[in-house]
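Residue numbers start from 1 in every chain, and the chains themselves are labelled A, B, ... in the order their sequence lines are given, proteins ahead of strands.
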Amino acid sequence: MIRAPWLGIAGIVLACSVSAAESRRAPLPPAYVDECGSCHVAYPGRMLDAASWQAVLAGLDRHFGVDATVDAATLAPLRVHLEQTARTKPTTAADATPLLRITETRWFRGEHDEVPRRLREGPAAVKPADCGACHRHAATGSYAERDIRLPKKETTR
Amino acid sequence: MRFAIPLAAALALGPMTARAERPADFEARFAQEARRADPSFAGFSAARGRTFFTTRQGGDWSCSTCHGDVPTAIGEHAVTGKRIEPLAPAANPERFTKPASVEKWFKRNCNDVVKRACTAQEKGDVLAWLMALPAKETR
């Protein structure tokens with residue numbers, strides 16, 4: 001029992017470092033959050049592969065129907081950031097073209113297949129782009145399982 | 001070293017004081033532009049700005065689609081559901097203080113709503129209305 005304290009602390013530290021894999025990631029660069037986190041939460045680079053990000057950046061003038069252009073000087077470091085943090089597994093469609101929508105990727109659909117129906121359709125449905133509706137720390141780029149809180153039944157959005 | 005602290009303060013405050021502007025500065029600039037574009041420019045109209053803001057201008061969305069009919073309240077992006085901080089300066093003192101930001105968002109959102117760049121007259125009308133909105137009004 002006398003040696004327990006440091007063992008306990010070591011255990012807590014170990015547990016935290018394992019369960020905090022999400023929060024140990026480098027924070028999203030402020031410029032990225034500024035430019036790509038105004039209309040939607042700043043999606044972390046790891047959500048799409050490099051080819052998908054290239055395709056997204058190539059079409060910012062008609063980004064899902066809206067003008068999301070960023071001036072060249074501001075965009076350059078954001079491009080580097082996305083390349084460096086991009087998903088290594090491919091996020092391509094069946095015809096091998098890069099997917100633009102995160103919600104269409106295989107990994108996203110797999111991760112969200114247990115989302116209850118009431119949040120997928122009907123009056124309480126969550127907009128698929130609204131990560132923060134359930135992932136409380138989405139704004140900081142953290143999607144850790146322990147930070148998920150599904151909206152309550154009476155909540156309508 | 002006597003000037004070290006004032007120098008440090010000047011360095012720290014310099015960019016802020018140089019960059020930060022007030023909504024009225026933007027209104028004055030839009031007025032200059034509008035006068036250049038049309039010598040018979042007769043000032044801005046908050047009423048016209050309100051109509052422009054709250055009605056569709058050729059596209060599927062109006063400004064209000066995301067910013068709300070009375071933008072002293074919090075808006076919500078029509079597609080993503082993301083919270084949009086109030087646009088009226090009285091409700092959000094950060095609005096209309098940074099030229100780069102004002103320019104960026106007028107460019108983007110005018111393309112979305114009007115399908116072209118907004119004229120100085122249109123921007124000034126909207127700003128005149130936004131500046132006239134009292135902070136308390138939320139609906």
Side-chain angles (χ1 to χ4, degrees), chain A residues 28 30-43 47 56 59-75 78 100-104 108 115 119-141 150-151 155-157, chain B residues 15-16 19-20 52-53 56-68 71 73-89 91-119 122-123 126 130:
Chain A
L28 296 170
Y32 181 69
V33 176
D34 273 356
E35 292 299 330
C36 307
S38 301
C39 299
H40 52 68
V41 70
Y43 304 122
M47 291 188 172
V56 168
L60 286 179
D61 57 331
R62 45 184 198 290
H63 183 67
F64 301 103
V66 305
D67 182 342
T69 45
V70 176
D71 70 80
T74 310
L75 185 59
L78 307 185
L100 303 181
R101 287 183 193 280
I102 293 163
T103 49
E104 290 176 358
F108 181 94
V115 171
L119 297 177
R120 291 173 179 270
E121 51 198 63
V126 167
K127 292 186 167 92
D130 187 8
C131 305
C134 304
H135 298 275
R136 291 182 305 158
H137 299 313
T140 62
L150 298 185
T155 307
T156 50
R157 297 182 61 87
Chain B
M16 273 161 56
R19 291 267 179 92
F52 182 85
F53 192 92
R56 285 161 56 178
Q57 304 292 321
D60 294 337
W61 292 359
S62 71
C63 307
S64 289
T65 303
C66 296
H67 288 290
I74 289 159
E76 186 184 302
H77 194 280
V79 174
T80 67
K82 179 134 186 349
R83 172 192 171 103
I84 299 174
E85 296 304 324
L87 188 56
N92 181 357
E94 287 185 26
R95 295 296 194 182
F96 296 95
T97 57
K98 295 187 212 100
S101 177
V102 170
E103 195 180 325
K104 177 174 86 174
W105 287 107
F106 266 128
K107 175 186 182 293
R108 289 179 172 184
N109 292 357
C110 288
N111 271 335
D112 296 337
V113 170
V114 202
K115 305 294 174 191
R116 58 165 170 77
C118 290
T119 64
E122 288 164 340
K123 291 189 273 193
V126 166
L130 294 175

In Å, rounded to the nearest 0.5 Å, how long is the span from [atom1] of [X] to [atom2] of [Y]?
X	Y	atom1	atom2	value
A:Asp71	B:Glu103	CG	CD	9.0 Å
B:Lys82	A:Ser38	NZ	OG	6.5 Å
A:Tyr43	B:Thr80	OH	OG1	6.0 Å

query = Does any heavy atom of chain B fall under 4.5 Å from the side chain of A:Asp61, the backbone, both, or neither of them?
reply = neither
remark   = If you tally heavy-atom pairs under 4.5 Å between each of A:Cys39, A:Gly37, A:Pro128 and chain B, the highest tally belongs to A:Cys39
Got a list of side-chain donor-acceptor pairs under 3.5 Å for residues 132-140 of chain A, not counting sequence neighbours?
{"residue": "A:Arg136", "atom": "NE", "partner": "A:Asp147", "partner atom": "O", "Å": "3.3"}
{"residue": "A:Thr140", "atom": "OG1", "partner": "A:His137", "partner atom": "O", "Å": "2.8"}

Could you pull out the closest heavy-atom pair between [X] and [Y], with the gap in Å?
X	Y	result
B:Lys107	A:Asp67	NZ-OD2, 3.5 Å
B:Arg108	A:Val70	NH2-CG2, 3.5 Å
A:Lys127	B:Ala78	CE-O, 3.3 Å
B:Lys104	A:Asp34	NZ-O, 4.3 Å

request  = Sequence neighbours left out, what passes salt bridge (charged side-chain N to carboxylate O under 4.0 Å, His left out) with B:Arg95? Give chain and number order.
outcome  = none
inquiry  = Suppose a student defines contact as a heavy atom less than 4.5 Å from any heavy atom of chain A. Which residues in residues 110-118 of chain B would they list?
reply    = B:Asn111, B:Asp112
task = Would you please go through residues 56-67 of chain B and name the residues with a non-hydrogen atom below 4.5 Å from one of chain A, in numerical order?
result = B:Trp61
query = Just wondering, more than 12 heavy atoms not from B:Glu94 lying within 6.0 Å of its CD?
reply = no
